[in-house]
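For clarity, every value in this text was computed on a predicted model and none was experimentally measured.
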Amino acid sequence: MYDYIDGRLVFRGGAHVVIDAGGVGYHVNISLNTYGQLPEGERCKLYIWMHVKEDAHTLYGFATEGERRLFMHLISISGIGPNTGRMMLSSITPAEIQAAIVQGNVAAIQRIKGIGPKSAQRVILELQDKLKKEGPDTLTVMPGLKTAKDEALSALVMLGFVRNVAEKVLDQEISKNTGVLTVEQLIKSALKSL
């Protein structure tokens with residue numbers, strides 16, 4: 001529902017912030033990782049995920065799109081809710097979590113408070129292939145997509161294709177055609193080859 005909230009930072013705490021955007025104060029839960037990346041000035045922009053339950057609508061904020069993406073992966077696992085996901089992102093950095101999952105390092109995940117051996121194994125089992133498929137740059141801030149190839153590659157990865165395979169196919173399609181291809185043309189031709 002919300003992609004981000006950009007506004008004046010009214011309150012800053014280790015567990016949550018209050019951002020005034022358009023005269024409305026949003027109470028946003030954050031990880032310690034995000035807390036460490038908050039800007040010094042009054043202006044603040046956080047990427048948002050909203051958790052809806054019968055009795056509450058809770059906002060979770062992230063300093064980067066990559067951290068939010070990792071959080072979404074974590075909470076997709078049975079037994080890991082938003083608060084546990086936030087605890088994981090507060091215990092070690094998103095890059096360390098991603099590296100531990102990709103490398104199958106159960107001990108590193110298990111050191112996080114609230115994560116036992118079975119949960120750590122489940123996290124690795126369910127996310128290892130997904131994170132390998134997305135590639136090592138999944139946590140980097142996604143710059144504005146500049147070319148049709150970048151946008152087509154992003155779309156193909158979102159459709160579930162492995163990044164390096166999709167990129168090779170796109171390069172082949174671009175080299176075959178002498179004219180300028182639109183994003184749609186690139187995706188359609190790549191899908192025929194994948």
Side-chain angles (χ1 to χ4, degrees), residues 1-4 15-16 28-37 46-143 145 150-170 187 190-191 194:
M1 180 174 188
Y2 299 110
D3 189 49
Y4 65 86
H16 78 278
V28 182
N29 294 299
I30 59 170
S31 68
L32 287 176
N33 180 63
T34 294
Y35 178 77
Q37 295 183 46
L46 292 178
Y47 294 90
I48 300 296
W49 179 76
M50 187 165 100
H51 185 223
V52 179
K53 297 189 307 188
E54 278 184 24
D55 59 343
H57 292 210
T58 309
L59 297 176
Y60 292 86
F62 308 93
T64 65
E65 173 64 32
E67 183 183 8
R68 177 173 66 177
R69 226 177 359 262
L70 180 60
F71 175 81
M72 298 298 292
H73 282 311
L74 292 171
I75 64 171
S76 72
I77 296 174
S78 175
I80 296 183
N83 285 326
T84 304
R86 183 172 66 147
M87 175 65 74
M88 292 176 79
L89 291 170
S90 294
S91 300
I92 58 178
T93 67
E96 291 170 332
I97 293 173
Q98 182 183 23
I101 292 170
V102 169
Q103 295 165 2
N105 188 347
V106 176
I109 302 293
Q110 194 175 333
R111 279 195 294 268
I112 299 169
K113 183 181 177 197
I115 302 294
K118 287 184 180 178
S119 294
Q121 290 170 350
R122 191 178 318 118
V123 166
I124 290 170
L125 179 69
E126 293 188 28
L127 293 182
Q128 194 172 40
D129 289 340
K130 286 181 187 176
L131 294 180
K132 281 181 182 177
K133 185 187 293 186
E134 288 182 2
D137 60 344
T138 186
L139 295 180
T140 58
V141 177
M142 292 187 73
L145 299 173
D150 292 337
E151 290 186 35
L153 180 60
S154 177
L156 290 170
V157 169
M158 293 301 289
L159 289 172
F161 293 101
V162 179
R163 177 179 291 277
N164 58 355
V165 173
E167 192 164 17
K168 285 179 187 175
V169 170
L170 286 172
I187 293 171
L191 285 173
L194 287 170

(request) Over all heavy atoms of both residues, which pair between Leu153 and Ala166 is shortest? Give the atoms and the distance, please. (result) CD1-CB, 3.8 Å
(message) Could you check whether any side-chain heavy atom of Phe161 comes within less than 4.5 Å of a side-chain heavy atom of Leu191, counting everything from C-beta outward?
(response) yes
(request) Please report the closest heavy-atom contact between Arg122 and Ser78, naming both atoms and the distance. (result) NH1-O, 2.7 Å
(message) Quick one, Val123 and Ile80 - any side-chain contact, counting heavy atoms below 4.5 Å?
(response) yes
(message) Could you measure the distance from the CG atom of Asn29 to the CG atom of Leu46? Nearest 0.5 Å is fine.
(response) 11.0 Å
(message) To the nearest 0.5 Å, what is the distance between CG on Asn164 and NZ on Lys132?
(response) 12.5 Å
(request) Not counting sequence neighbours, which residues clear side-chain contact (heavy atoms from CB on, under 4.5 Å) with Gln121? List them please. (result) Val106
Donor-acceptor list for residues 81-93 side chains, cut-off 3.5 Å, not counting sequence neighbours:
from, atom 1, to, atom 2, distance (Å)
Asn83, OD1, Tyr60, OH, 3.2
Arg86, NH1, Ala15, O, 2.8
Ser90, OG, Leu32, N, 2.9
Ser90, OG, Arg86, O, 2.9
Ser91, OG, Met87, O, 2.8
Thr93, OG1, Glu96, N, 3.1
Thr93, OG1, Glu96, OE1, 3.4

(request) Looking only at non-hydrogen atoms, find the nearest pair between Leu74 and Leu127 and report the distance. (result) CD2-CD1, 3.9 Å
(request) Please name all residues satisfying side-chain contact (heavy atoms from CB on, under 4.5 Å) with Gln103, sequence neighbours left out, ordered by chain then number. (result) Ala99
(request) Return the set of residues passing side-chain contact (heavy atoms from CB on, under 4.5 Å) with Asn105 (not counting sequence neighbours), or none when no residue passes. (result) Ala100, Ala107, Ala108
(request) State which residues pass side-chain contact (heavy atoms from CB on, under 4.5 Å) with Tyr35; sequence neighbours excluded, sorted by chain then number. (result) Arg12, Ile30, Leu38
(message) Once rounded to the nearest 0.5 Å, what's the spacing between atom OG of Ser119 and atom CD1 of Ile124?
(response) 11.0 Å
(request) Give, for atom NZ of Lys130 and atom CZ of Arg69, the distance between the pair rounded to the nearest 0.5 Å. (result) 13.5 Å
(request) Mind checking the CD1-CD1 spacing from Ile101 to Ile109? Nearest 0.5 Å is all I need. (result) 4.5 Å
(request) Could you check Trp49, Tyr2, Tyr4, Phe71 and say which one makes a ring-ring contact (aromatic ring centres under 6.0 Å, His included) with Phe62? (result) Phe71
(request) Would you check if the side chain of Gln110 reaches a backbone N or O of Gly116 as a donor-acceptor pair within less than 3.5 Å? (result) no
(request) Please check if any side-chain donor atom of Gln37 sits under 3.5 Å from a side-chain acceptor atom of Thr64, or the reverse. (result) no
(request) List in chain and number order the residues that pass salt bridge (charged side-chain N to carboxylate O under 4.0 Å, His left out) with Arg68, two or more places apart in sequence or in another chain; answer none if no residue qualifies. (result) Asp3, Glu65
(message) To check you understand the geometry: which heavy-atom pair defines the closest contact between Leu170 and Ala190, and what is its length?
(response) CD2-CB, 3.9 Å
